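In what follows, a structure is listed as structure tokens, so that the remarks can point back to it.
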Amino acid sequence: MKISLKDGSIKEYSGARSVIDIASDISEGLVRVACAGEIDGELVDLRTIVDKDCALNIITATDPKALKVIRHTASHILAEAVKRLFPDAKVTIGPAIEDGFYYDFDTEPFSREDLDRLEAEMKKIIKEGHEIIRYTMPRADAIRFMEEKGESYKVELIQDLPEEAQISFYDQGGFVDLCAGPHLMNTKGVKAFKLTSSSMAYWRGDSNKARLQRIYGTAYNKKEELAEHLERMEDAKRRDHNRLGREMELFTTVDVIGQGLPLFTPKGTKIIMKLQRWIEDLEDKEWGYVRTKTPLMAKSDLYKMSGHWDHYKEGMFVLGDEEKDKEVYALRPMTCPFQYYVYKNTQKSYRDLPYRMSETSTLFRAEDSGEMHGLTRVRQFTITEGHLVVRPDQMVEEFKGCIALAKYCLTTLGVEEDVTYHLSKWDPNNKEKYIGDPEVWNETEQHIREILTELEIPFVEDIGEAAFYGPKVDINAKNVYGKEDTMITIQWDALLAEQFDMYYIDQNGEKVRPYIIHRTSMGCYERTLAWLIEKYAGKFPTWLCPEQVRILPISEKYEAYAEEVRKELAKADIDVTVDNRSEKIGFKIREARLAKLPYMLVVGQQEEADHTVSVRSRFAGDEGIKSITDFITDITQEIKTKTIRREVEQAAQDKA
């Protein structure tokens, strides 16, 4: 048996050996730091038996891949701690995830004090240094074993496995858990961990099943690495749009209105209005779109024609009962079939194409309650939705144009470096989810692949993420906690024109089916606002701020002059207010800073006499004295060009 090692060397053995035995043969020092193995690219347990030629990599604690093993082991230590302190709790599942681990339990909710007690118990288990032993048993025996322990969720998991399966368990000092591994060899291998939070979850993610209590945690190889992660998490909490957006009075939610139905306050509404006016002017005046306005609902007949009724009905709000009512309606989850009829309203020739339609579309989707989060996952939202009806020979260039528009929007918002591009493909092993022939899917996916390659855009390919009618480019970004959401999507559709009998008249007077591009330019306003809150920690670029300037009179004697300045700025379409409170100027400046305002204008005797303002900004601190005209010229240019000024450190501002 030949084992190819990472350094290119080869070990030969006459019989099977475990990964840990091979590591020991290489070096005793390697054994001390080994966490797992990697056989032909697959992460495995150190206890795994190697019995054939393969490429083997010993994963040490310094390897990022080791974190998955460390965290998985930490989740089992957590489960043991819960069973010690809460014996009636039933264990379910506890995987390692991207930034840590979690474990779900059927028990009462956990408090922060409970988490602190569990951390102490976990430290005790780690200090006890239990060897972690793996063994297997037949499926029937495994079911009886877990039934005797009263662990009904584990029984259900085992029952889902094939009858001939050998079920693996891990024993750490008497605590036994069903698991496929891999795990560390000893509990002492978990050197730095923290339980971060708890929340409610559903068994197997199904809201119709049992409500569970989930504990989140993280683990690292070193305490210093853990400390850095916790600091990042604290920064994430400070930037979390769900908290910061409410603190800044941008949006709120009310139980009596409903989950996933945010209310935008005047400040939040103003930001969305600025985004909307920008996008609409951009599309209509610079990118050749026509604007439509279509109904928020339609009869089920429309969605049956488009295929959404068969492929997406569970995600729609349906109004009526097909068995009882003559007509059943549904709130629209998309705008495409509505805009198709705008296109069909008049006959089009080949000269009329491309026909680019855009709409500021309010949509409705019946998201699961467990998926709701702030503004990123809601049940009513508004998007920069558009559909381009094009001749087949125009499809590639128009698709490139949609990507260019999306990139322009991302660059203007200052988030272009934060995204990843995905080619979302169909799943040929699950054909019932899609319409159309495999040849069409393969051809259209290849077109998109070639476009992204030509544009030198790095991308990954995701099987099964396509829309039911065509592949797409998804432009994704992560929130402050690392969860990835789709911000912009551009879809290639060579199929739906047939279902809606869409055509154009070609040069020969013949009817020809067009292609369709479904796209967003900036994406969903709600999700984009959440993204921008977190990106800028609430300190938006000046052009987006609901309050761009606050005038601070030193005393009430200068309120009349402050009002004069305000009127001049307002005439220039600058969002400006005056702080006339009878507070000291230092207090007013601090308040304006906390409000994350771009500019403060301090006015007093000298400013009134010279018809000037004393400018302070969050970008440069004290910017000195300027005439009102010069300040208006500077800020209007900044707003017009949508300049993103980088702010200075707070210490520099204080010094200034």
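Predicted model only: the values in this text are computed from it and were never measured. Values below: every heavy atom of this structure, side chains too, minus hydrogens, waters and symmetry copies. The residues of the chain are indexed from 1 along the displayed sequence.
- Using a 4.0 Å cut-off between charged nitrogen and carboxylate oxygen, Lys293 and Glu385 do not count as a salt-bridge pair.
- The closest side-chain heavy-atom distance from Leu601 to Val615 is below 4.5 Å.
- Separating the CZ atom in Phe110 from the OG atom in Ser197 is a distance of 12.0 Å, to the nearest 0.5 Å.
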**Request:** Walk me through it: do Thr253 and Arg246 pass the test side chain to side chain donor-acceptor pair (under 3.5 Å)?
**Result:** CA-CA 9 Å; Thr253 52; Arg246 296 170 195 271; 3.1 Å; yes
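- Within the model, atoms CG of Asp493 and CG of Leu388 stand 12.0 Å from one another, a figure rounded to the nearest 0.5 Å.
- A donor-acceptor contact closer than 3.5 angstrom is absent between the side chains of Asp462 and Ser424.
- Rounded to the nearest 0.5 Å, atoms OG1 (Thr489) and NE2 (His422) are 11.0 Å apart.
- Taking the six-membered ring where the residue is Trp, Phe338 and Tyr303 present perpendicular rings, their angle passing 60° and hence far from 30°.
- For the atom pair Ile635 CD1 and Asp573 CG, the distance stands at 11.5 Å (nearest 0.5 Å).
- Annotation: Phe193 is not in aromatic contact with Tyr220 [ring centroid separation under 6.0 Å not met].
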**Request:** Run the numbers on Lys642 and Trp543 for side-chain contact (heavy atoms from CB on, under 4.5 Å), then give the verdict.
**Result:** CA-CA 6 Å; Lys642 297 177 176 57; Trp543 72 277; 3.6 Å; yes
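- Comment: Lys588 does not engage Glu591 in a salt bridge, judged by the lack of any side-chain N to carboxylate O separation of less than 4.0 angstrom.
- Rounding to the nearest 0.5 Å gives a distance of 6.0 Å between CZ of Arg71 and CG of Asp99.
- Contact check for Cys409 versus Leu282: side-chain heavy atoms found under the 4.5 Å cut-off.
- Taking the charged nitrogens against the carboxylate oxygens, Glu283 and Arg519 do have a contact shorter than 4.0 Å, which makes a salt bridge.
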**Prompt:** Where do Phe631 and Thr636 land on the side-chain contact (heavy atoms from CB on, under 4.5 Å) test, with the steps shown first?
**Reply:** CA-CA 8 Å; Phe631 176 75; Thr636 51; over 6 Å; no
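- For the pair Lys626 and Glu623, the salt-bridge criterion is met [side-chain N within less than 4.0 Å of a carboxylate O].
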**Request:** Before giving the answer on side-chain contact (heavy atoms from CB on, under 4.5 Å), spell out for Trp492 and His518 the whole-Å C-alpha distance, their side-chain angles and the decisive distance to 0.1 Å.
**Result:** CA-CA 7 Å; Trp492 184 302; His518 308 239; over 6 Å; no
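- More than 12 heavy atoms of other shown residues, nucleotides or ligands fall within 6.0 angstrom of atom CD in Glu247.
- In summary, the side chains of Glu359 and Thr335 do not present any donor paired with an acceptor at a separation below 3.5 Å, with no hydrogens or angles considered.
- Ring planes of His387 and Tyr340: perpendicular class, angle over 60° (limits at 30 and 60°).
- Between the side chains of Thr420 and Asn476, not a single donor N or O lies within less than 3.5 Å of an accepting N or O.
- Salt bridge annotation for Lys270-Glu547: absent, with no cationic side-chain nitrogen under 4.0 angstrom from a carboxylate oxygen.
- In this structure the side chain of Ile628 never reaches within 4.5 angstrom of the side chain of Thr612, judged on heavy atoms.
- Within a 6.0 Å sphere centred on CE of Met297, other residues, nucleotides and ligands contribute 12 heavy atoms or fewer.
- Evaluated for a salt bridge (Lys or Arg N to Asp or Glu O under 4.0 Å) with Glu231, the options Lys194, Lys237, Arg238 yield exactly one hit, Arg238.
- Of the charged side-chain nitrogens involved, at least one lies within less than 4.0 Å of a carboxylate oxygen, so that Arg239 and Asp235 count as a salt-bridged pair.
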**Request:** Let me see the working for Leu195 and Phe101 under side-chain contact (heavy atoms from CB on, under 4.5 Å), right down to the final yes or no.
**Result:** CA-CA 9 Å; Leu195 299 184; Phe101 61 89; 4.1 Å; yes
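- Two rings, from His311 and Tyr469, have their centers 6.0 Å or more apart.
- Counting heavy atoms from C-beta on, the side chains of Met522 and Met487 never come closer than 4.5 Å.
- Side-chain rings of Phe399 and His447 stay apart, their centers remaining 6.0 Å or farther from each other.
- Side chains of Asp485 and Thr376: a donor-acceptor N/O pair is absent below 3.5 angstrom, by distance only.
- By the 4.5 Å heavy-atom criterion applied to side chains, Ile632 and Glu568 are counted as neighbours.
- A donor-acceptor contact closer than 3.5 angstrom is absent between the side chains of Ser627 and Thr629.
- Ion pairing of Glu461 with Lys425 is present here, as a side-chain N (NZ or NE/NH1/NH2) and a carboxylate O approach within less than 4.0 Å.
- The side-chain heavy atoms of Glu534 and Asp240, taken from C-beta on, include a pair separated by under 4.5 Å.
- Between the side chains of Thr294 and Arg332, at least one donor N or O sits under 3.5 Å from an acceptor N or O.
- Ile403 contributes atom CD1, which lies 5.0 Å from atom CD1 of Ile490 (distance to the nearest 0.5 angstrom).
- For the residue pair Glu280/Thr360, the side-chain donor-acceptor check at 3.5 Å is satisfied.
- The existence of a salt bridge linking Glu484 and Lys478 is excluded, since no basic side-chain nitrogen approaches an acidic carboxylate oxygen closer than 4.0 Å.
- With hydrogens and angles ignored, the 3.5 Å screen pairs no side-chain donor or acceptor of Ser361 with any backbone N or O of Leu363.
- A donor-acceptor contact shorter than 3.5 Å links the side chain of Glu526 to the backbone of Thr382.
- Ion pair Arg581/Glu559 not flagged as a salt bridge, since none of the NZ, NE, NH1 or NH2 atoms sits closer than 4.0 Å to an Asp/Glu carboxylate oxygen.
- Glu398 and Tyr515 share no side-chain donor-acceptor pair at under 3.5 Å.
- Glu638 and Tyr599 share a side-chain donor-acceptor pair at under 3.5 Å.
- A salt bridge between Lys274 and Asp575 is present, with a side-chain N of the basic residue lying under 4.0 Å from a carboxylate O of the acidic one.
- Defined by atom type and a distance below 3.5 Å, a donor-acceptor pair is missing between the side-chain atoms of Thr520 and Thr384.
- Within a 6.0 Å radius of CD1 in Ile463, no more than 12 heavy atoms belonging to other residues, nucleotides or ligands are found.
- Looking at Arg527 and Thr486, their side chains never bring a donor and an acceptor atom within 3.5 Å of each other.
- A heavy-atom distance below 4.5 Å is found between the side chains of Ser199 and Tyr216.
- Within 6.0 Å of CZ in Arg211 there are 12 or fewer heavy atoms belonging to other residues, nucleotides or ligands.
- Side chain of Thr269 to main chain of Phe264: a donor-acceptor pair is present (N/O by atom type, distance under 3.5 Å, no hydrogens or angles).
- With contacts defined as side-chain heavy-atom distances shorter than 4.5 Å, the pair Ile625/Val613 does not qualify.
- Few gaps surround CZ on Arg112; more than 12 heavy atoms of other groups in view lie less than 6.0 Å from it.
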**Request:** Step by step, work out the salt bridge (charged side-chain N to carboxylate O under 4.0 Å, His left out) result for Glu98 and Lys483.
**Result:** CA-CA 9 Å; Glu98 185 173 356; Lys483 183 182 181 299; over 6 Å; no
